[in-house]
Every structure is written in C-alpha cells, then in structure tokens.
Amino acid sequence: MASSGILVFIFTVLCICAVKSGFVKVECKAENVGHYGQQSLLECVVKTITDVTDPNIRMVAWKKLTSPEDEGDLVLGFNRGTLDEPRGQRGYRFAEPSWNEKNMNVSLLITNTAVADDGYYKCMVITDSGDGSMVTTLKVQARYSVPTVHSIPEKIVPNTESTLVCESRGGYPQGTICWFDAEKHEWTKSAKMEVTQSDDGLFQLTSRLSLLGGSTFSKYICAVFNASGGKEDEKTFDTNIPPPPPSSQGGERTASAYTSKVVAPLVVIGSLIIGLLLLLLYKRRSQKARRNSTAPLMDRRDAAPTDVEEGYNSHEDEPINQAQS
Ligand SMILES: *[C@@H]1O[C@H](CO)[C@@H](O)[C@H](O)[C@H]1NC(C)=O
Ligand SMILES: *[C@@H]1O[C@H](CO)[C@@H](O)[C@H](O)[C@H]1NC(C)=O
C-alpha cells in the first residue's frame, strides 16, 4: 500500500514537472545590436502550446549577467501585478508601451544605451501554465569620429624626419587606424597605434606615422576601421611636398615632365644609333674601296691562288667589280 502511494506521488510530481516545463517557452533573438546613446531592444516572447488558453504571466525577471552562467543582477522585474525597476533611472523597461500580464511580448527596452549595457541578459518568466527562461546578448556599437590628422613639425620640411598624427574617438568596440598613400599603398607598418578608453567605455585611437626624409609622398590617407573591419571614415593629409624625383618609384608626374623625361633619352639613343650606322656605312665603304684597289694587286701578285680562295674571292667581288665598271 505504502509503496504504491509513493509511486502515485512520484508519478504526479513528474507530470506536474512535465507540464511546467513543456507548456511554456521563452524565445529570444539570440543576438541584438544596440547603438550607443540610442534605444536598444532585447526581443523575447513567451510561447505556450495551443491547448493553453488565456495564459497569465505571474513573474518576469530580466537580469544582466557578467557571464552566461552567472546569477546576474535584476534590471527589470514584474511580480504579481507590480513592476520592479531597481535601476529605474537608467531606463530599462518593457518594450511594449502598456505592457500587462496578458502580453506575451516581454521584450526589454534600454532607452539610452551605454557601453556598460553590452553583454549577456537572462529573461525568466513564470506563468500560471509553467515557466521558462532564456539567455540573449546585446552587442553595443558606437561609431568612430571622422579622424583628424596633423603633422609634427607643423610644416613638413623636405629631407627631414617628421611624424603624422591621426586621431579618432568615441568608438566601440575597439577599432583600428590604417595609413595609405595617394596610390593606395599601405603604410600602417611604419605607424604605431595607441588605444585609450574613457570613463564611458568608448575608445580613442591615436596613430603616429613616421615619415623618413627623402621618401615623403605628397598625400597620406588616415582611415578608421571598426571592430568588424568596416571602414568608418578617412581623412586625407597634404604634406605640401613636391612629388618625388624620377629615380625613386611612385609619386605623380606632370605630363610635360613625363614627356621630357621620355624624349631626352630617346634623342640620345637615336643619335647614337644614327652615328653607329654612319660609322658602319663609312667602314664598309672604305673596306670596299680598299678591296677594289687590293684585289687586282693580289691577282697579279699571287700567281696561283688556291681554289677555295679563288672561288671565295670571285663570289664576293663579282658584283662590286661589275658595278664599278
Ligand atoms: C515586441 O514588442 C516590440 C515593441 O513594441 C516590437 O518592436 C517587437 O516587434 C515585438 N516582438 C514580437 C515578436 O511581436
Ligand atoms: C562596421 O562597419 C560596417 C560597415 O559600415 C557595419 O556594417 C558594421 O555593423 C560595423 N560593425 C561594428 C562592430 O561597428
């Protein structure tokens, strides 16, 4: 008797547990994005299975966690008809304008998003048909300011060392600064970046690019990239240095300078070639002249030249002799 009573009890407990966990589910958007200083929405709704009619919410607890397993701190609560806003001033409320216990949309609205709001949140709900909870995240983003660039010294002197300083502030999460010249070659490796975080959690990026004398371009671009590698903004800085001499690569060339640079060597090479040709022509002519004068002499002197020499000579000299006669 006693054992069957225990069995019945266990069965009942199991049933109640099954009912409690099975009829209600909290469903949240896994990742929410919020913008610094604006409203952020953490979307969660309570889902009940179809045979639960007219469910009532008894309790809601929105907690901010420091890690997904953390107990967390209450930021917004509802318990048997009364709202609990422990940080009321900070502006956490139900997203639905006149939320009540019949409204299954329990989304959380953060009215003035701060960097500190970034992180994990847990939404716990108890209804008269069961309870459920889910963890969701808020990723806070803040846009970096348009960068400013200045040089040290203020006026860059050619062939002396100088530094370009680029600054951008007010961004989140941590971004990066890259340097390019006018032809989009990257110079970031010659720069050093410094990152500072202000009290409000926003980042300030400062990058210093060293310019070595003699290899300075006329323009440099400082570009700010956000944490996911998207370009936020850029600023072009004119060094007021004339384009580099032709021996060093890169730089801009004006059309006239370009033509003079190309034409000058062409003229030199051209006159050299013409000179060489004239020299060759002259040499050939004098050779021919010499041959013409020596050939008959050789014929007379060498009474019996070899067959090979004979044939060789005759072939070469024939047309010339003909032309001369
Ligand atoms: C919940 O309410 C918020 C605020 O009214 C709304 O933006 C959101 O779309 C709602 N979500 C659902 C799933 O109805
Ligand atoms: C980075 O910038 C891109 C393009 O502007 C944007 O789509 C993305 O959301 C930004 N990411 C962050 C973390 O700010």
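As the structure lists them, so they are numbered: ligands from 1, and atoms in each ligand from 1.
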Inset, instruction - Let me know which protein residues bring a heavy atom to under 4.0 Å of ligand 2; chain then number is fine for ordering. - result: Gln141, Asn226, Ser228, Gly230
Legend entry - Numbered atoms and elements of ligand 1 in range of Glu96, under 4.0 angstrom, heavy atoms: 2 (O), 3 (C), 4 (C), 5 (O)
Legend entry - Atoms of ligand 1 close to Glu43 [distance to a heavy atom under 4.0 angstrom, numbered from 1]: 8 (C), 9 (O), 11 (N), 12 (C), 13 (C)
Legend entry - N-O pairing of Arg80 and Glu101 below 4.0 Å: no
Inset, instruction - Take Trp62 and Phe94 through the test ring pair (Phe, Tyr, Trp, His ring centres under 6.0 Å) and record every step on the way to the result. - result: CA-CA 10 Å; Trp62 268 103; Phe94 284 108; 8.2 Å; no
Legend entry - Proximal ligand 1 atoms for Leu41, defined as those under 4.0 Å from one of its heavy atoms: 7 (O)
Legend entry - Within 6.0 Å of NZ in Lys102, more than 12 heavy atoms from elsewhere: yes
Legend entry - Residue portion contacting ligand 1 (non-hydrogen atoms closer than 4.0 Å) for Leu109: neither
Legend entry - pair Thr136-Tyr120: side-chain heavy atoms closer than 4.5 Å: no
Legend entry - Distance flag, aromatic centroids of Tyr36 and Tyr172, threshold under 6.0 Å: no
Legend entry - Side-chain touch Met104/Pro55, heavy atoms, less than 4.5 angstrom: yes
Inset, instruction - Using a strict cut-off of 4.0 Å, indicate which atoms of ligand 1 neighbour a heavy atom of Val45. - result: 13 (C)
Inset, instruction - Examine the side chains of Tyr92 and Asp117 and answer whether a donor and an acceptor come within less than 3.5 Å of each other. - result: yes
Legend entry - Residues Glu96 and Asn103: side-chain donor-acceptor under 3.5 angstrom: yes
Legend entry - Pairwise side-chain contact, Tyr144 with Asp233, heavy-atom cut-off 4.5 Å (strictly under): no
Legend entry - Distance-only N or O hit between ligand 1 and Ser107, under 3.5 Å: no
